[in-house]
Amino acid sequence: MKYGYSWIFFLIGLIILSAEVCYAQETMQHPAPDVDGKVWMASTEQEKRAFLFGASSALVLEYHVREKHSEQPSRFVKGWVEALKDMSWATLANKIDAYYRNNPTKMDKQVFDVIWHEIVMPNWKN
C-alpha cells in the first residue's frame, strides 16, 4: 500500500471540513449540546446509531493506526474496541436506552460515561 492511511485521514478531514462549513452558521446560533441522557433519549434511532457509528469509526481508526506504528492505543480506545467488537449498534443503543430508563435521575450523565462505566468495563477482560 503506497499511501498507507493518508488517504483515510484526507477523506476524514475533508468530511469534517465540509460539515463545519455547512453548519457553521447554525452552530453559531445553536451550539452543539453535550450528548447526555436528555439528548440521547430525545434522539431518533437513526441519530443514535449515527452517533455510535461515528464515534466507533474514529476510535477503531485510532486503534489500528497506533497498532500499525507499534504504539499502544489509549485505555479508552482499547477497551471500546475489544469490549464492543461483537456488539451490534442496535444492542449498544438499547443498553444505553435501558441505562437512562432505569436511572432517570442520571440524565445529565454523558453517553460516553455510560458506555465506558456501564457497558465497556463490565465486559472488558483486560
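With a 4.5 Å cut-off on side-chain heavy atoms, E62 and F76 do not count as touching. At least one side-chain heavy atom of L84 sits under 4.5 Å from a side-chain heavy atom of M87. Looking at Y100 and V114, their side chains come closer than 4.5 Å, going by heavy atoms from C-beta outward. Between F51 and W89, every side-chain heavy-atom pair lies at or beyond the 4.5 Å cut-off. The shortest side-chain heavy-atom distance between K48 and D97 falls under the 4.5 Å cut-off. Residues M41 and M107 are in side-chain contact: their nearest non-hydrogen atoms beyond the backbone lie under 4.5 Å apart.
Taking both residues in full, the closest heavy atoms of L59 and V77 are given as O-CG1, 3.4 Å, listed atom of the first, atom of the second, then distance. For the residue pair K106 and Y99, the shortest heavy atom distance occurs at CD-OH, 3.1 Å.
Residue pairs satisfying the side-chain hydrogen bond (donor to acceptor under 3.5 Å, both in side chains) criterion with at least one member in residues 49-60, sequence neighbours excluded, are listed as follows: S56-W80. Applying the salt bridge (Lys or Arg N to Asp or Glu O under 4.0 Å) rule to pairs touching residues 107-120 yields K109-E118, sequence neighbours excluded.
From W40, atom CH2 reaches atom CG of D34 across 15.0 Å, with rounding to the nearest 0.5 Å. Distance check, rounded to the nearest 0.5 Å: CD of E71 to OH of Y63 gives 13.5 Å.
Judged purely by atom type and a 3.5 angstrom limit, D36 uses its side chain to pair as donor or acceptor with the backbone of V39. For E47 (side chain) and T44 (main-chain N/O), a donor-acceptor pair under 3.5 Å exists by modelled atom type.
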* To do: Please assess L52 against I96 for the test side-chain contact (heavy atoms from CB on, under 4.5 Å), listing each intermediate value before the final yes or no.
  => CA-CA 11 Å; L52 294 173; I96 299 167; 4.0 Å; yes
* To do: Might you work through the side-chain contact (heavy atoms from CB on, under 4.5 Å) test for W124 and W116, ending with a clear yes or no?
  => CA-CA 10 Å; W124 187 30; W116 180 254; 3.8 Å; yes
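By the 6.0 Å contact criterion, CD on Q46 is open, its count of non-hydrogen atoms from other residues, nucleotides or ligands being 12 or less.
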